[in-house]
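What follows is one structure encoded as C-alpha cells, with my remarks underneath.
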Amino acid sequence: MDEKFLKPYDPKVTEEKILKLWDESGFFNPDICVEKGVTSAHAETFSMILPPPNVTGSLHTGHALGLTVEDIMTRYARMQGKKTLWLPGTDHAAIATQSKVEKILEKKGIKKSDLGREEFLKQVEQFAQYSHDTINNQTKRMGASLDWSREAYTLDAKRNFAVRTAFKKMYDDGLIYRGHKIVNWDPKGQTVISDDEIVYEERKNKFYTFKYGPFEIATARPETKFGDKYVVMHPEDVRYKDWIHGQKITVEWINGPTEATVIKDPMIDMEFGTGVMTITPWHSHEDFQLAEKYKLEKEQIIDKYGKLLPIAQEFSGMKINDAREKIVEKLKSKGLLVSIDENYVNRMATAERTGGIIEPQIMEQWFIDVNKKIEARGNKSLKELMLEPVRDGKIKILPDHFEKVYFNWIENLRDWCISRQIWFGHRIPVWYKGNEVYCDIEAPVGDGWEQDPDTLDTWFSSGLWTFSTLGWPEKTEDLKNFHPTDVLETMHDLIFFWVARMILMSQYLLGEIPFKNVYFHGMVKTADGKKMSKSLGEKAIDPLTIIDKYGNDALRMAMIVGNTPGNDLKLNENDIRGYGKFANKIWNASRFVLENTKDLDTENLPAFDEEDALSDKELKDLIKEISKEMDEFRFSLVAEKVYHYFWHTFADVIIERSKKKILENNNSESAKALLFTQLTTLLKIMHPFVPFVTEEVWSSIPIKDKKLLIVERWPLN
RNA sequence: GCGCGGUUAGCUCAGUUGGUAGAGCAACCCGUUUACACCGGGAAGGUCGUAGGUUCGAGUCCUACACCGCGCACCA
C-alpha cells in the first residue's frame, strides 16, 4: 500500500498534485476527451458558461460558491459520458473597472483628463490584465474544471466583432435609436446609467412647503424649482375645482414674478402633501412624462457637474447642496416659506458603481427599443421575446419564484439606455460627418468622419456571452454543438442585468434561447449574517486562505450542504473545519480497504453473502435516488446523503462488520469484495463534491486500465 | 403601496404529490476496540412564528396577522 496513507490526509500536498494531473490530462476540454477516447464523439453534450468575473480585483466567497456549484454540475455531466464544456472568461465591467482605476490614480493625484483617452485606457488595460491573471490563477486553484483553451474576454477582438455585428443588426432593424430623452445622469461618474444600475437609498431629508401664488407646494429639492412654471393638481380635487386646466396666473417666486399655468392631471396623488405640485421636467422622470403629455416647456436648471445654471441668477454656478439652504433662506425672507418637515424620508437614487447621486437630465443618448415589433421575429417585440421562453417553460428558473420577479421586471421595462460617457468599453460603431450618421461594423471610408465618443453599457456585451464565446457571428462548430447552453448558474442579483439581457440578445440575434435552465445561488454571508465585504476585515472569509487551512474539498462541502437555490448562505469556519474531517475520514477508510483487499482478485470479485448483498443493494438504491436528485439540481441533498452514507453506513457499519468477518475468516471474501466495490463506487459518486481527495485515493486503487476518476463513469446501471 | 422569501432542536439549516419530526455543529454520558481521537457507542434536546380553516390526518394546503430580510413602484 502507498506510504502516503500512513499520514493523515494532507490537502495542501495533494491538491497541488491533483491540479497538475487534471491539467496535463486535458480532460477539461471536450475535444480532448473525444480524442483520447474517454467520451464518445456522438455523445450528448452539456455546456455552460462561467459567469465571467469582473476584472476589478480578485475572487471572493461568492465566486467560490458559484464555482463550486458549477463544477459539481460539470463533473457530474462529464462522468455521465457527456461531451462537457464549461467555458471560462472575464468581464471588462466598463464602469466598475474604470472607476476603480480612477480611484487608484486619484490617490496618486492624477486625473484621467491629465492622461487623455489613449494613455488612460492603457492604464486601465494594465490593471485589467493584472486582475485577470490573479482571478484566473485563483479560479484554477479552486479546481474548477474549465476548458481554458476556449477562454474569452468580453472586450477581446472576437467579442468586439460580435458586439459591432449585434449593434449594426439592431440599428438596421430600428431597435437601436438615438434620442433626446430623460436619462439617469451620474454627476460623480460623469456618465449616463441605465435604470437597473440605480441603487435606491433611504435618507432623511428636509421637506419644504412653499407658497406658490394661491397654492402651497411641497418639495425636497428647492434648488430645482427656479424654472417651475406649471402648477399641477388632480382634476377631481374639489379643493381646486375653481381652477381650470390651462389657466394662467402670475405668482411671486424665487427670483421675482413668474407666469404659471394650471395643469390638471390624474397622475397627482390628492392625499399627498397639499395635492398640488410644480414640475421640473428637465430633472425628473415623472415631470418629464407630464411635460411630454401636455407639450410643456422644459428648461435645464442644473448642469452635468451638479451646478446651477444662469437661470438661478445669484445662485448660478453654485453646487446644489451649497445652494439649497440659501435658496430656502431667500424664499423665507420673501415670506414664501410655509413649513419644514425635518423627518421626511425619501428614496435617493444613487449610481451602483460610483455612489453618485443621480441627477435626471434630458440628453441625447442611444437606446434599445423594447416595444418595437420585429418583423424577422414573428412581429414580436424584445419584451415579448424575453417573456415567452420563460412563460412557456422553455427556460426554467430555479427557484421558480424568481419567474414572477422576472415577469414583473419586464412589465415595467422602459427602453434600455446603452450609451455611456466613459472611455473603457466597446466604442459605439457609429460615425458622424456633419448631419450624416453612419453605422456599420467597420469605419466608413473617406475623410471627415468622426466616431461617436461613447462606449456601450457593459451588459450589452455580456448579453451576447452564451454565443459570442462560442464564436458567433461565425457559424462555428462550437456554436452548433454547444448552444443553447444547458445551465446558467449565477447569483440572483443578476436576474435583470444579465439573465434577462442574455435572453433578449439570444432570442433576437439567434432566434433561440441562450440556456435551458437558470440556477440561482444566494449571497454568501458571514457567520453572523453580514454581507461579506472588505470593510469587515477579518470577518470576511477569503476562499484561498480557507483552502490553505482546511482544503478545497472542505470548503466545497461547507458551501453545498444545507445550501438550497436562491437562499443566502452563512459561511461558518467551524463547518468548514468539520468537513475537513470528512476528507480525512475518506482517507482513512480507504486506507483500511486497501490494506485489507491487497490479495483480492479485483477482476473476478467473489460473490456476496446475504448480508453483504443487502448492503450492495442499499448503495445501488442510493445511487438511483441521488442520480435523480442530481438531475433536479438538488446538490445539497445529494451531498448530505453521500456524506451520511459514507460515514455512517460504509465506515461505521460495513467496515466494522468486515473486521469481524476478516478476523474470524467467516465469509471474509464476501466482505472484502464488498469493501472494494463500495469504496470504488463511493469515490465516483463523491467525486463531484470532493474531487481532490477522491481523485487522490483513486490513484491508489489497483484496477487494470484505470482512467482518471474525473472521466470515470457515474455508476448508474 | 404592491410583490417575493424567511420564521423547524442552543447555532446553521434540510424536509419534492399531506401519513408517527431530520442532518451537521455545539452541549451531556461512556469508551484509549490496531483505518481514523480529524474516532466509536449512548442518551438528551422541537406546542415546526401566532390565530383560524380544509382533512381521518397539516411543518407540508387555504385565510388572516406578527416579526425579519429582499425586490419593485411616478408620492412632488
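Chain naming here is simple, since letters A, B, ... match the order of the sequence lines and numbering starts at 1 in each.
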Report summary line: Once base and sugar-phosphate atoms are separated, protein heavy atoms under 4.0 Å mark nucleotides 19-37 of chain B, 5' to 3', with B, S and - as ----SS----------BB-
Roughly how far apart, to the nearest Å, are [N] and [M] at atom [atom1]?
N	M	atom1	value
C61(B)	G6(B)	P	10 Å
A14(B)	C74(B)	P	34 Å
U12(B)	G57(B)	P	35 Å
G5(B)	A44(B)	P	37 Å
G41(B)	A26(B)	P	16 Å
U34(B)	C39(B)	P	15 Å

Query raised in the report: Sub-3.5 Å donor-acceptor pair from the side chain of Ser284(A) to the main-chain atoms of Thr280(A), do we have one?
Result: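 Flag not set: sc Ser284(A) to bb Thr280(A) has no pair under 3.5 Å.
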Query raised in the report: Would you say G3(B) has OP1 or OP2 under 4.0 Å from some side-chain N or O of Lys404(A)?
Result: no
Query raised in the report: Between C72(B), A76(B), A14(B), which nucleotide gets closest to the side-chain atoms of Thr564(A)?
Result: A14(B)
Query - Side chain of Arg634(A) - closest among C4(B), C72(B), U16(B) - result: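 Selected nucleotide (nearest to the side chain): U16(B).
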Query raised in the report: With a 4.5 Å limit on heavy-atom distance, are the side chains of Asn596(A) and Ile655(A) in contact?
Result: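 With C-beta onward as the side chain, the pair stays apart.
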**Report entry** Atom of Ser700(A), atom of Lys4(A) and distance for their closest heavy-atom approach
**Finding:**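 Smallest interatomic distance, heavy atoms only, reads OG-NZ, 2.7 Å.
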Starting at atom [atom1] of [X], determine the distance to atom [atom2] of [N], rounded to an integer number of angstrom.
X	N	atom1	atom2	result
Phe496(A)	G71(B)	CZ	C1'	7 Å
Lys525(A)	C11(B)	NZ	P	18 Å
Phe402(A)	G3(B)	CZ	P	18 Å
Asn572(A)	G10(B)	CG	C1'	14 Å
His285(A)	C75(B)	NE2	P	12 Å
Lys570(A)	C11(B)	NZ	C1'	10 Å
Ile182(A)	C74(B)	CD1	C1'	12 Å

Query raised in the report: Does Lys332(A) NZ have over 12 foreign heavy atoms under 6.0 Å away?
Result: no
Requested in this report: Quick one: pull up CG in Asp287(A) and NZ in Lys298(A) and give me the separation to the nearest 0.5 Å.
Outcome: 11.5 Å
Salt-bridge present ([X], [Y]; N to O < 4.0 Å):
X	Y	value
Glu292(A)	Lys181(A)	no
Arg657(A)	Asp612(A)	yes
Glu359(A)	Arg221(A)	yes

Report summary line: Intra- and inter-strand pairing of RNA chain B, written as dot-bracket with Watson-Crick and G-U pairs under 3.5 Å and | for the latter, reads (((((((..((((.....[..))))..((((.......))))......(((((..]....))))))))))))....
Report task. Nearest-nucleotide wise, let me know which of Leu569(A) and Met267(A) is further upstream toward the 5' end of RNA chain B. Result ->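 Nearer the 5' end of the strand: Leu569(A).
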Query raised in the report: Taking the six-membered ring for Trp, are the ring centroids of Tyr579(A) and Tyr643(A) within less than 6.0 Å of each other?
Result: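 Yes; Tyr643(A) has its ring centre under 6.0 Å from that of Tyr579(A).
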